[in-house]
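If you read the sequence from its start, that first residue is 1, and numbering goes on from there.
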Amino acid sequence: MIAFVSGPVAALAPDSAVVEVGGIGIAVQCSPGTLSGLRMGQQTKLATSLVVREDSLTLYGFADDDERQTFELLQTASGVGPRLAQAMLATHTPDGLRRAISTGDEKALTAVPGIGKRGAQKLLLELKDRLGAPLGTGGPAIGSAVTTGWRDQLHAALIGLGYATREAEEAVSAVAPQAEAAEGTPQVGQLLKAALQTLNRAR
């Protein structure tokens, strides 16, 4: 198992990064939140989880070990694969997910793309004794860090992809109505794709 990758960031894309390790570029699938903290050419260290399939080997990267462990624990629930687990972590922090599961917050889980009411109820039952209690005490509400921080995350992700500060600010403003119209937690991944489309049109 590859526990982590460490090295300069060689490339950034909307859903992945390439980290140079010993002269080899390692492609790592990351959430928008993780990508927003990366910069081209700068050193980084990402905790990783290798997902093995018959026809592929996919490496998922995370800002810290807590995210990685949560990602792996989420997949112990039936019907949860790596993509859905990553979507859950793109919507909520690990502590936010622990709090949602421990308090039976069905609404927090249905805020994740791909999870309906029935799926949320099933996840609450299956994960109740697996994720554990929230680590923080009296912390922010479920998903609030992602909800209120989408502008900063989106702006940082665009800067990381090589866009100028002014371009990033204009793109964030362009997708703001979409984010504000969304029910529940704004999906940074979807907003990033929309922002990139507006930037491509502008060019």
Side-chain angles (χ1 to χ4, degrees), residues 1-5 13-17 26-36 46-136 139-147 149-150 153 157 178-179 182-194:
M1 176 181 172
I2 302 173
F4 68 86
V5 293
D15 59 358
S16 65
I26 305 293
V28 187
Q29 297 291 311
C30 303
S31 70
T34 299
L35 289 170
S36 69
L46 297 174
T48 57
S49 179
L50 181 63
V51 176
V52 180
R53 294 287 185 266
E54 286 186 9
D55 57 350
S56 67
L57 294 172
T58 307
L59 199 62
Y60 289 83
F62 309 92
D64 54 41
D65 286 331
D66 187 26
E67 266 195 14
R68 179 187 63 193
Q69 290 168 5
T70 303
F71 172 80
E72 293 172 349
L73 283 170
L74 289 172
Q75 293 178 76
T76 64
S78 57
V80 178
R83 289 189 179 278
L84 183 55
Q86 191 177 48
M88 293 172 77
L89 285 166
T91 306
H92 300 296
T93 63
D95 229 26
L97 286 171
R98 283 190 284 266
R99 194 174 291 110
I101 298 298
S102 64
T103 60
D105 191 343
E106 187 179 300
K107 188 175 180 181
L109 295 183
T110 56
V112 179
I115 298 180
K117 184 173 182 178
R118 188 170 295 178
Q121 292 171 343
K122 188 177 178 182
L123 287 172
L124 288 173
L125 285 173
E126 289 195 31
L127 294 172
K128 188 174 182 180
D129 299 321
R130 299 182 192 178
L131 290 189
L135 301 179
I142 301 296
S144 64
V146 177
T147 304
W150 72 264
Q153 285 191 30
Q178 178 181 332
E183 292 184 9
T185 306
Q187 303 302 315
V188 180
Q190 294 175 10
L191 294 175
L192 180 57
K193 290 178 182 177

Under 3.5 Å: donor-acceptor pair, side chain of T91, backbone of V112: no
Smallest separation among heavy atoms of E67 and A63, with atom names: OE1-N, 3.5 Å
L131 CG to I101 CD1 distance, which is reported to the nearest 0.5 Å: 5.5 Å
Atom of S36, atom of G33 and distance for their closest heavy-atom approach: OG-O, 2.7 Å
Anything under 3.5 Å between a donor and an acceptor, one on a side chain of residues 72-82, the other on a protein residue two or more places apart or in another chain? List them.
residue	atom	partner	partner atom	Å
E72	OE2	S49	OG	3.0
Q75	NE2	F71	O	3.3
T76	OG1	L73	O	2.5
T76	OG1	R130	NH1	3.0
S78	OG	K122	NZ	3.3
S78	OG	E126	OE1	3.4
S78	OG	E126	OE2	2.6

Flag side-chain contact, heavy atom, 4.5 Å: Q86 against D15: no
Single hit among D64, D66, D65, T70 for side chain to side chain contact (heavy atoms under 4.5 Å, CB included) with R68: D65
Non-hydrogen atoms of L89 and P94 that approach each other most closely: CD2-CG, 4.0 Å
Closest approach of C30 to L46 (non-hydrogen atoms, all atoms of both residues): SG-CD1, 4.1 Å
P113 versus A87, closest heavy-atom pair with distance: O-CB, 4.5 Å
Rounded distance (nearest 0.5 Å) linking atom NZ of K117 with atom CD of E106: 5.5 Å
Smallest separation among heavy atoms of G61 and T48, with atom names: CA-CG2, 4.2 Å
Side chains of V5 and L59 in contact at under 4.5 Å (non-hydrogen atoms): yes
Sub-4.5 Å side-chain heavy-atom contact between L124 and D105: no
